[in-house]
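Here's the structure we're looking at; comments come further down.
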Amino acid sequence: MLDELHELTARNPFRCMTTPGGFRMSVAMTNCGDAGWITDRTGYRYTALDPVTGGSWPPLPRVFRELATTAAAAAGFNAFAPDACLISRYEPGARLSLHQDKDERDLESPIVSVSLGLPAAFLLGGHRRSEGARRIELEHGDVVVWGGPARLRYHGVLPLKEGWHPLLGGHRVNLSFRRAR
């Protein structure tokens, strides 16, 4: 899996995108699959082409697809067929504020999230940003699946703490599988 990750990010490097409000995201991202999630001054969306390279996103590796479908099935989502994988790299201090994932056309399919590298504090809240969020400590190899009534729950990641992982060094990578199209 890590070999596939390194190959993907060599072809389509991580980049910190800009939000519609003009803020630079602290999390660096890239994508693979039929569609990739992007943000810029015009909004949040999925695209078939990488706006940096002008080419298609790399295909979803078989080992990624198998992990996502197996994890989804174990959580009761037997028909999950991801067509997008958002690959996010967190350096120390990077965070992801509470948000909902609602840019996908298919909101019935779950989200499958795979944590690699440094540990992170994942926040899982309610259906309104103002509801309290539960803190879940994630380690290398942890997988979180949420869907059904929980699909649109607010979630985020607290600022990443300094550290060192023997396989990924001083950062965390998250693979987030979705059915976007």
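Being a predicted model, the structure only gives us computed values, none of them experimental.
The local environment of CD in Glu7 is sparse, with at most 12 non-hydrogen atoms from other residues, nucleotides or ligands closer than 6.0 Å. Around CD of Glu108, the count of heavy atoms belonging to other residues, nucleotides or ligands within 6.0 Å does not exceed 12.
Interatomic distance, CD1 of Ile87 versus OG1 of Thr9, reported as 7.0 Å (0.5 Å rounding). Note that OG of Ser56 and CG of Asp50 are 9.5 Å apart. Values are rounded to the nearest 0.5 Å.
Side-chain contact between Thr30 and Pro13 is absent, with no heavy atoms from C-beta onward closer than 4.5 Å. Asn12 is not listed as a side-chain neighbour of Cys32, based on a closest heavy-atom distance of 4.5 Å or more. Side-chain contact between Leu116 and Leu167 is absent, with no heavy atoms from C-beta onward closer than 4.5 Å. Arg151 places a side-chain heavy atom less than 4.5 Å from the side chain of Glu104.
No side-chain donor-acceptor contact under 3.5 Å links Arg45 and Thr47. Asp40 and Thr42 share a donor-acceptor pair across their side chains, judged by distance under 3.5 Å alone.
There is no path of hydrophobic side-chain contacts, each under 4.5 Å, that joins Val145 to Tyr154. No chain of hydrophobic side-chain contacts below 4.5 Å, direct or via other Ile, Leu, Val, Met, Phe, Trp or Tyr residues, connects Leu123 to Leu152. Under the 4.5 Å side-chain heavy-atom criterion for grouping Ile, Leu, Val, Met, Phe, Trp and Tyr, Val143 is connected to Leu168 within one hydrophobic cluster.
Looking at residues two or more places apart in sequence or on another chain, you find a side chain to side chain contact (heavy atoms under 4.5 Å, CB included) between Ser26 and Ala94, Arg95. Residues meeting the ring pair (Phe, Tyr, Trp, His ring centres under 6.0 Å) test with His171, sequence neighbours left out: none. Annotation: ring pair (Phe, Tyr, Trp, His ring centres under 6.0 Å) contacts of His127 (sequence neighbours excluded): none. For Glu139, the salt bridge (Lys or Arg N to Asp or Glu O under 4.0 Å) criterion is met by no residue, not counting sequence neighbours.
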Please output the side-chain donor-acceptor pairs of residues 59-75 that fall under 3.5 Å, not counting sequence neighbours, one pair per line with the distance.
unit_1, atom_1, unit_2, atom_2, d
Arg62, NE, Glu66, OE2, 3.1
Arg65, NH1, Pro82, O, 2.9
Thr69, OG1, Arg65, O, 3.0
Thr69, OG1, Glu66, O, 3.2
Thr70, OG1, Glu66, O, 2.7

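The backbone N or O of His99 sits less than 3.5 Å from a side-chain atom of His155, completing a donor-acceptor pair. Proximity of a side-chain donor or acceptor of Asp83 to a complementary backbone N or O of Arg181 within less than 3.5 Å is detected. Of the possible donor and acceptor atoms, one in the side chain of Thr39 sits under 3.5 Å from a partner among the backbone N and O of Thr18. Although no hydrogens or angles enter the test, the distance criterion places no donor-acceptor pair under 3.5 Å between the side chain of Arg172 and the main chain of His140. Here the side chain of Arg89 pairs no donor or acceptor atom with the backbone of Ala28 at under 3.5 angstrom.
When all heavy atoms are compared, the tightest approach of Leu5 to Val173 is CD2-CG1, 4.0 Å.
With a 4.5 Å cut-off between side-chain heavy atoms of Ile, Leu, Val, Met, Phe, Trp and Tyr, the cluster of Leu96 takes in Met17, Met25, Val27, Met29, Trp37, Ile38, Tyr44, Tyr46, Trp57, Leu86, Tyr90, Ile111, Leu118, Phe122, Leu124, Ile136, Leu138, Val144, Trp146, Val157, Leu160.
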